[in-house]
Amino acid sequence: MGKRKSDEDNDSRASKSKSADESNPYLAHLNVQKLPKMTPRKTTAEDAEKYEAAPTNLFNGRPFSQKYRDIMVKRRLLPVHKQRSEFLELVQNNQILILVGETGSGKTTQIPQFLLYDDMPQRSGMQIACTQPRRVAAMSVAKRVADELDVVLGEEVGYSIRFEDCTSSRTVLKYCTDGMLLREAMNDPLLSRYSGIILDEAHERTLQTDILMGLLKEVCRKRSDLRLIVMSATLDAGKFQSYFDDAPLLVVPGRTFPVDIFYTPEPERDYLEAAIRTVLQIHTCEDPGDILVFLTGEEEIEDACRKISGEINHLISAQPDHVGDLKVVPLYSTLPPQMQQKIFEDAPPPRKKGGPPGRKVVVSTNIAETSLTIDGIVYVIDPGFSKQKVYNPRIRVESLLVSPISKASAQQRAGRAGRTRPGKCFRLYTEKAFKNDLQEQTYPEILRCNLGSVVLQLKKLGIDDLVHFDFMDAPAPETLMRALELLNFLGALNDDIELTDIGVIMAEFPLDPQLAKALISSPSHTCSNEILTIVAMLSVPNAFIRPNDQRKQADEAKAQFNHPDSDHLTLLNAYHEYKEHGSDAQWCFANYLNARTLKSADNVREQLKRLMERHNIPLVSTDFNDKQYWNNIRHALASGFFMQVAHLERNGHYLTAKDNQVVQLHPSCNLETKPEWVLYNEFVLTQKNYIRTVSEVKPDWLLEISPDYYDMKRFPDCEGKRALERIAAKIASKKKDKKGK
DNA sequence: GAGCACTGC
């Protein structure tokens, strides 16, 4: 707090009082009299610029550095700079502002600073938050803006992301992930510490951004002092404006190079083949410049890379004087980081002096559309597809489907060719298809996924009437019903759709409701330490590595951790061994385990452990030699996953309980037998219906955990039902016997 | 006997 006080001193010194400075020789250099008076929300661009050009920093009282002045020259050249006055006028006269700025406009770095000089949150001990969908962006932009304001990162400017809070009591501008701001809202629904909130990249319409928009729309009504700026890259501004009650719009031009778009005259039958052909054509016919190809997934990308390399080798040996080298680089999220780094390497040089130039081609998933920017790309090949999540509320299954992209997405892809100089984009579909068949925008995530967690969060945020909640795009009623039903069966919501005591605690955990429930229930099965580990392992990507050319060795390595009737316990064993071996990366490598993934599981575990301690959920274990050790763990899992259970039918197939979907154990399952009853972590819909990460359960646990879900009166007829009825009868007669005696 | 678009708390 000491620092904030000195800010105020500095401020008031600058604006009104002279006497203190005149009598203080150390402050003589401030030359304060020349600085204009600044009143919050009345700042003009000229006044702010005078402060930015003053000898000392308004925010920390230190003299500005040369580096600061050098950066300032560049900042003044950003397109958004020209509109500072316009921005200030709009934000001073309106509570909500929509800002559209294309790539290179400088909106992410400058707008928060413009607002900072106008709001001056330091005077009232408040902050400005700017949200980003991704952690790396929050971190790197915060670093940049700290430099631009000539302050130390983590002091006046900071960032806040999961696992890392780089802010202090003097922080006035904070970049954070949108999920982080949402977490804050759960404990402070009015977000009262913020004088201004900027939602960046709103056009991406992530789940969190959509919830924040709905929430902030309400918060603005209750807090007239709050300023909200919604920033987006696309020209879909009209939708944002009308959602926010016709908020004014500021359009900032971008700074990119023109990109020529080419379409195919006829539809392509095989986009993969067409993409490869186009790479070869560009390489042999076009000017130097790197190529970016968008494909849908790992397998397709690796396949394409092999084929391109093969074809290029042919061409080079046929015409060595006319065809240069081509470096083919795959890119997808599960690629290890050192492999991902290859996209930044230079294109190969000509093989001999004066020979044809070398070129780099990056074959990538959608990761290169938003998350990663590769400089030097001049050619983009866009086949027009990506994998998208879809949710089927009827069978309660999320799956990934290769689908046509939207126009907005096609535009974004094309833009990747014009970052450093004019480029070309080859769309492997017809212009007519682009105009008539592609939808304008990609469906927002909130329409495409299971909403269990979202509904729990909204309830925790104090939204009582979910059905009438003002979503920008309202999810299907059936999807909401499914979420409410799940939360009701889990005991998080009562029959009046109110949050229960357990529901309140569940909402605190950054977990799917099923996992949160299993974790909270685990102390009553004396295995919370173990469930904590399993939940952490299930919250990170698959830790078992299985390279295509070493499948056998990898499977043998995994077999060491195997538990005969539970994949969940295999995860537990792997984690224990990892810790036993001192979290050693070498050991992980030798045992086909992903050290990075296990490290992040450990991080997650620590975070969840702290939350458990905060809520007084005891950390306990059953003695390892107790024969109930394994049973207790599976029993606790069942208390969260009793709705994800399958029964082995006499024909050898599994049928999911109640939904009666035919499913098979995923080939990655390591169960030694096919137990009659299993619970599963995940339903994977690919060529077949698979259930993945499976454990044996005892049917009497199911009846005991949720008599409501396993109410035989509301259970469809199947072999599983008859088996459950027999067990129920047995339990009933036992109870009777007991009473009789 | 198969995959795992991408994020995030």
Side-chain angles (χ1 to χ4, degrees), chain A residues 131-138 160-165 176-187 201 204-212 294-303 331-335 364-372 385-390 398-403 405 409 412 442 444-446 448-449 453-454 456-457 460-461 506-513 515-516 536 539-548 551-552 554-555 594 597 600 603-604 607-608 610-611 664-671 682 684-693:
Chain A
T131 68
Q132 297 291 318
R134 284 167 292 279
R135 286 186 213 158
V136 265
S160 170
I161 58 177
R162 189 181 188 181
F163 307 127
E164 196 184 353
D165 180 10
C176 61
T177 46
D178 40 22
M180 204 69 205
L181 191 64
L182 208 52
R183 282 281 147 193
E184 282 184 29
M186 285 170 53
N187 293 311
E201 314 287 4
E204 288 192 26
R205 304 290 308 277
T206 67
L207 209 49
Q208 283 84 356
T209 308
D210 267 26
I211 302 171
L212 275 177
F294 285 102
L295 292 177
T296 63
E298 172 177 347
E299 207 176 291
E300 197 179 77
I301 285 166
E302 292 292 352
D303 187 32
L331 177 63
Y332 42 87
S333 74
T334 48
L335 205 63
S364 171
T365 59
N366 254 3
I367 191 169
E369 198 181 297
T370 47
S371 310
L372 269 171
F385 291 96
S386 70
K387 274 192 193 171
Q388 286 166 35
K389 192 157 67 182
V390 286
E398 279 180 351
S399 54
L400 283 171
L401 212 66
V402 174
S403 326
I405 60 169
S409 181
Q412 175 78 10
T442 311
E445 197 182 356
I446 201 161
R448 296 186 284 117
C449 67
S453 286
V454 171
L456 189 60
Q457 281 181 49
K460 182 74 206 295
L461 288 165
M506 280 169 66
E508 292 277 329
F509 286 85
L511 292 169
D512 274 346
L515 289 169
S539 303
V540 297
N542 186 8
F544 298 106
I545 300 169
R546 198 166 182 254
N548 273 332
R551 290 183 187 173
K552 195 163 167 279
D555 289 346
N594 187 331
T597 304
S600 80
N603 268 336
V604 174
Q607 187 193 25
L608 297 175
R610 280 196 301 273
L611 281 166
Q664 294 187 26
L665 299 183
H666 192 272
S668 64
C669 287
N670 285 118
L671 270 55
E682 214 180 354
V684 196
L685 186 74
T686 52
Q687 305 300 95
K688 293 172 183 165
N689 290 340
Y690 287 110
I691 49 177
R692 187 161 55 192
T693 315

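The sequence lines fix the lettering, A, B, ..., with proteins before strands; numbering per chain opens at 1.
Closest contact between the side chain of A:I161 and the listed nucleotides B:dG3, B:dC9, B:dA5 involves B:dC9. Here B:dG8 is the nucleotide among B:dC4, B:dA5, B:dG8 with the atom lying nearest to any side-chain atom of A:Q208. Checked against B:dC6, B:dA5, B:dC9, the side chain of A:S333 finds its nearest nucleotide in B:dC6. Checked against B:dA2, B:dC9, B:dT7, the side chain of A:K688 finds its nearest nucleotide in B:dA2. Nearest to the side-chain atoms of A:R135 among the listed nucleotides B:dG8, B:dC4, B:dA2 stands B:dG8.
The phosphate of B:dC6 (OP1 or OP2) has a side-chain N or O of A:T365 nearer than 4.0 angstrom. Regarding contacts with the backbone of B:dC6, every side-chain N or O of A:K387 stays at 4.0 angstrom or more from both OP1 and OP2. Of the side-chain N and O atoms in A:R162, none sit less than 4.0 angstrom from OP1 or OP2 of B:dT7. Distances shorter than 4.0 Å separate none of the side-chain N or O atoms of A:T206 from OP1 or OP2 on B:dC6. The side chain of A:R692 contributes an N or O atom lying less than 4.0 Å from OP1 or OP2 of B:dC4.
Of all heavy-atom pairs spanning A:I301 and A:L331, the tightest one is CD1-O, 3.8 Å. Between A:R183 and A:P510, the shortest heavy-atom distance links the atoms NH2-CA, 3.6 Å. Closest approach of A:S386 and A:N366 over heavy atoms only: CB-ND2, 3.5 Å.
Atom CZ of A:R448 is separated from atom C1' of B:dT7 by 11 Å (rounded to the nearest Å). Atom NZ in A:K389 sits about 13 Å away from atom P in B:dG8, given to the nearest Å. Between the C1' atom of B:dC6 and the CG atom of A:L400 lies a distance of 9 Å, rounded to the nearest Å. Distance, A:E204 CD to B:dG8 P: 11 Å, rounded to whole Å. Between the P atom of B:dG3 and the CD atom of A:E300 lies a distance of 14 Å, rounded to the nearest Å. Atom CG of A:L401 and atom P of B:dC4 are 12 Å apart (whole Å). Between A:L335 atom CG and B:dC4 atom C1' there is a gap of 12 Å when expressed in whole angstrom units. Straight-line distance from the CG atom of A:N689 to the P atom of B:dA2: 13 Å, rounded to whole Å.
When heavy atoms are screened at a 4.0 angstrom cut-off, A:R134 is found touching the sugar-phosphate backbone but no base atom. Residue A:F509 is out of contact with every strand shown, counting any heavy-atom pair closer than 4.0 Å. Within 4.0 Å (heavy atoms only), A:N542 reaches at least one base atom of the nucleic acid. Among the atoms of the strands shown, only primed sugar atoms or phosphate atoms (P, OP1, OP2) are found under 4.0 Å from some heavy atom of A:Y332. No contact: A:V402 has no heavy atom under 4.0 Å from any strand.
The number of heavy-atom neighbours closer than 6.0 Å to CD of A:E682, taken from other residues, nucleotides and ligands shown, is above 12.
Between A:E204 and A:R134, at least one side-chain N (NZ, or NE/NH1/NH2) sits under 4.0 Å from a carboxylate O, which counts as a salt bridge.
Rounding to the nearest 0.5 Å gives a distance of 12.0 Å between OG1 of A:T296 and CD1 of A:I405.
Each of A:T296 and A:S539 was matched to the nucleotide of DNA chain B holding its nearest heavy atom; the match closer to the 5' end belongs to A:T296. Two residues, A:E299 and A:E445, neighbour DNA chain B, and the one matched to the more 5' nucleotide by heavy-atom proximity is A:E299.
Checked by distance alone, A:R546 brings a side-chain donor or acceptor within 3.5 Å of a matching partner on the base of B:dA2.
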